[in-house]
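First up is the structure itself, then whatever we jot down about it.
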Amino acid sequence: MASDKVVETVIAGNYVEMETEGKPKDVKSQLSSFLWHGGSAYDAWFSCASNQVAQVLLTLPYSFSQLGMLSGILFQLLYGLLGSWTAYLISILYVEYRTRKEREKVNFRNHVIQWFEVLDGLLGKHWRNVGLAFNCTFLLFGSVIQLIACASNIYYINDNLDKRTWTYIFGACCATTVFIPSFHNYRIWSFLGLLMTTYTAWYLTVASLLHGQTEGVKHSGPTKLVLYFTGATNILYTFGGHAVTVEIMHAMWKPQKFKAIYLLATLYVLTLTLPSAAAVYWAFGDMLLNHSNAFALLPKSPFRDMAVILMLIHQFITFGFACTPLYFVWEKATGMHECKSLCKRALVRLPVVIPIWFLAIIFPFFGPINSTVGSLLVSFTVYIIPALAHIFTFKSSSARQNAVEQPPKFVGRWVGTFIINSFVVVWVLVVGFGFGGWASMVNFVHQIDTFGLFTKCYQCPPPLLPPQQLNATAPSPLHHPHHGH
């Protein structure tokens with residue numbers, strides 16, 4: 001279509017012009033461009049794949065222990081497909097919004113388009129408000145989860161400090177992400193992040209296979225509906241990492257090329273998540289029900305320490321991924337979004353980190369919090385709202401005729417797209433939000449009852465206590481044999 005080509009040149013032109021305008025091509029700028037300024041389809045792929053796995057990799061074996069092996073694999077495949085579909089819908093809506101605005105001569109030179117603005121431009125302020133509320137709350141808790149994961153992981157290398165103290169320390173470290181301007185500047189980080197999760201996934205797989213099955217291992221899952229749907233919503237959360245899709249697309253020279261990127265990223269992620277979760281569950285079985293972090297059960301070794309360190313660095317990167325859209329929203333609210341000074345913008349961004357830090361200290365429940373966020377927030381943010389937004393944007397025949405992107409033939413054009421969207425909405429509403437929300441909240445309240453808020457060291461083994469006290473404070477007598485206290 002001729003109109004597609006025109007739109008593409010307009011968008012590409014804006015970006016190339018923005019990046020190269022008035023910049024001399026010396027060695028320093030070339031090096032900076034190589035490490036720092038990423039706008040290609042490859043950069044978007046690395047960003048999507050790197051952002052999708054992160055610490056969830058460590059909780060998927062826990063989900064398998066709740067779901068059983070077969071359901072665990074099937075849910076990963078299902079939510080991987082649904083996640084790729086809704087990321088595709090978001091990309092279509094972004095291109096539609098951007099094209100309409102650029103035809104009105106709107107300039108996005110210093111402005112990062114976000115999902116709530118796409119909803120506002122296409123469907124009005126009520127959609128914008130709902131999208132903004134869900135997106136910001138999800139990204140806030142997504143950042144909280146990264147902090148909790150940092151503290152949970154470092155404890156397996158150094159248990160001289162409790163997990164709460166480690167959360168204080170990593171909160172301060174993660175606050176430095178205020179200095180990363182936008183998703184253009186994650187090129188080297190997203191590349192390294194994916195290498196790190198790849199190493200960790202294959203370490204979990206190989207270490208579990210070499211360790212072999214523990215004596216008397218049981219694979220009794222699924223046993224309870226609460227556990228089953230908690231595990232399912234953790235997987236829903238795993239493949240719902242595209243709350244930052246619009247920001248990643250906006251950082252591309254040619255956002256039209258995004259369409260298949262998320263699917264390709266998901267296919268790669270499945271090569272990491274399926275073998276690692278299956279292998280750890282095969283080796284440890286029901287022991288995982290009381291150890292939501294897979295590192296807890298693997299014997300201490302230099303390879304495990306390396307995996308922990310790499311995951312820590314990656315969690316810092318993922319914290320930045322989740323927090324950067326929040327920084328943009330806050331900048332827009334304070335009128336500082338188009339400010340040229342990086343230091344002023346960094347200063348304005350700092351208050352965003354404080355509630356994240358505080359929430360990570362209140363709810364340090366690594367694992368159960370993923371499921372809760374998955375069912376209550378991810379279900380709407382990245383599955384239900386995009387599917388409904390696509391239906392309502394293109395409900396009139398004129399909107400469908402004038403759409404910048406027509407649905408592909410293999411999904412059945414507009415009718416097929418409508419059917420798939422309806423299935424996504426109903427499935428995620430009933431299974432993800434309904435059953436999943438009920439199960440996750442029951443499990444989450446159980447963690448609060450067992451461990452309390454502001455707990456110093458969630459799921460830490462207390463071997464120095466006498467046996468009767470041990471049973472009173474911990475949910476299960478299963479403990480790690482490798483902790484040298």
Side-chain angles (χ1 to χ4, degrees), residues 35-36 38 43 46-59 138-158 161 163-201 203 237-238 241 243-244 247-248 251 269 272 293-295 304-328 330 342 345-346 349-361 364 366 369-370 373:
L35 297 174
W36 189 247
D43 289 304
F46 278 115
S47 291
C48 288
S50 168
N51 186 40
Q52 209 174 78
V53 273
Q55 50 74 39
V56 173
L57 197 64
L58 307 175
T59 64
F138 166 46
L139 290 168
L140 180 81
F141 277 97
S143 307
V144 167
I145 287 167
Q146 300 313 317
L147 274 191
I148 294 169
C150 285
S152 180
N153 288 347
I154 191 68
Y155 185 80
Y156 297 112
I157 289 184
N158 183 337
L161 298 175
K163 290 181 185 177
R164 190 169 72 194
T165 306
W166 280 119
T167 306
Y168 291 130
I169 293 166
F170 279 102
C173 295
C174 288
T176 57
T177 56
V178 296
F179 290 102
I180 300 176
S182 77
F183 283 95
H184 271 303
N185 313 114
Y186 273 97
R187 168 172 275 186
I188 192 69
W189 289 117
S190 54
F191 174 72
L192 291 174
L194 196 58
L195 286 182
M196 291 165 188
T197 42
T198 302
Y199 171 86
T200 305
Y203 157 73
Y237 170 83
T238 306
V244 294
E247 289 84 357
I248 291 172
V269 165
L272 306 181
N293 189 332
F295 283 144
R304 191 188 77 160
D305 289 353
M306 174 64 83
V308 171
I309 291 163
L310 291 179
M311 283 309 283
L312 284 171
I313 300 167
H314 188 258
Q315 271 138 18
F316 165 79
I317 298 165
T318 312
F319 182 93
F321 267 119
C323 237
T324 300
L326 291 175
Y327 296 152
F328 292 155
W330 184 245
L342 182 59
R345 284 174 68 190
R349 289 170 168 193
L350 267 177
V352 176
V353 181
I354 295 163
I356 293 168
W357 209 349
F358 187 63
L359 286 165
I361 293 160
F366 186 81
I369 195 171
N370 290 14
V373 170

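These numbers were taken from a predicted model, which means no experiment stands behind them.
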Name every donor-acceptor pair, under 3.5 Å, that has one atom in a side chain of residues 192-201 and the other anywhere in the protein, sequence neighbours excluded.
residue, atom, partner, partner atom, Å
Thr197, OG1, Gly193, O, 3.2
Thr197, OG1, Leu194, O, 3.1
Thr198, OG1, Leu194, O, 2.7
Thr198, OG1, Tyr268, OH, 2.7
Tyr199, OH, Phe303, O, 3.1
Thr200, OG1, Met196, O, 2.9

Worksheet item: Taking it one step at a time, do Ile145 and Tyr237 satisfy side-chain contact (heavy atoms from CB on, under 4.5 Å)?
Response: CA-CA 11 Å; Ile145 287 167; Tyr237 170 83; 3.6 Å; yes

Do you know which two heavy atoms are closest between [X] and [Y], and how far apart they sit?
| X | Y | answer |
| --- | --- | --- |
| Val269 | Ala49 | CG2-O, 3.8 Å |
| Cys323 | Val352 | SG-CG1, 4.4 Å |
| Trp189 | Ile317 | O-CD1, 3.4 Å |
| Trp357 | Gly171 | NE1-CA, 3.4 Å |

Fill in: Those residues that, when tested against Ser50, pass side chain to side chain donor-acceptor pair (under 3.5 Å) (two or more places apart)
His314

Practice prompt. Give a yes or no on whether the backbone of Tyr327 and the side-chain of Arg349 come within a donor-acceptor separation of less than 3.5 Å.
Written response: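 Side chain of Arg349 to backbone of Tyr327, a donor-acceptor pair under 3.5 Å: no, none is there.
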
Fill in: Thr324 side chain vs Phe321 backbone, donor-acceptor pair below 3.5 Å
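Such a contact is absent between Thr324 side chain and Phe321 backbone.
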
Worksheet item: Who are the side chain to side chain contact (heavy atoms under 4.5 Å, CB included) partners of Ile354, not counting sequence neighbours?
Response: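 Residues passing side chain to side chain contact (heavy atoms under 4.5 Å, CB included) with Ile354: none at all.
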
In Å, rounded to the nearest 0.5 Å, how long is the span from [atom1] of [X] to [atom2] of [Y]?
| X | Y | atom1 | atom2 | answer |
| --- | --- | --- | --- | --- |
| Arg345 | Leu350 | CZ | CG | 13.5 Å |
| Thr177 | Gln146 | OG1 | CD | 11.5 Å |
| Leu139 | Phe328 | CG | CZ | 11.5 Å |
| Leu147 | Thr167 | CG | OG1 | 7.0 Å |

Fill in: Check against side-chain contact (heavy atoms from CB on, under 4.5 Å), Ile356 and Leu140
CA-CA 6 Å; Ile356 293 168; Leu140 180 81; 3.5 Å; yes

Student check: side-chain heavy atoms of [X] and [Y] closer than 4.5 Å:
| X | Y | value |
| --- | --- | --- |
| Thr318 | Asn51 | yes |
| Met306 | Tyr203 | no |
| Phe319 | Cys173 | no |

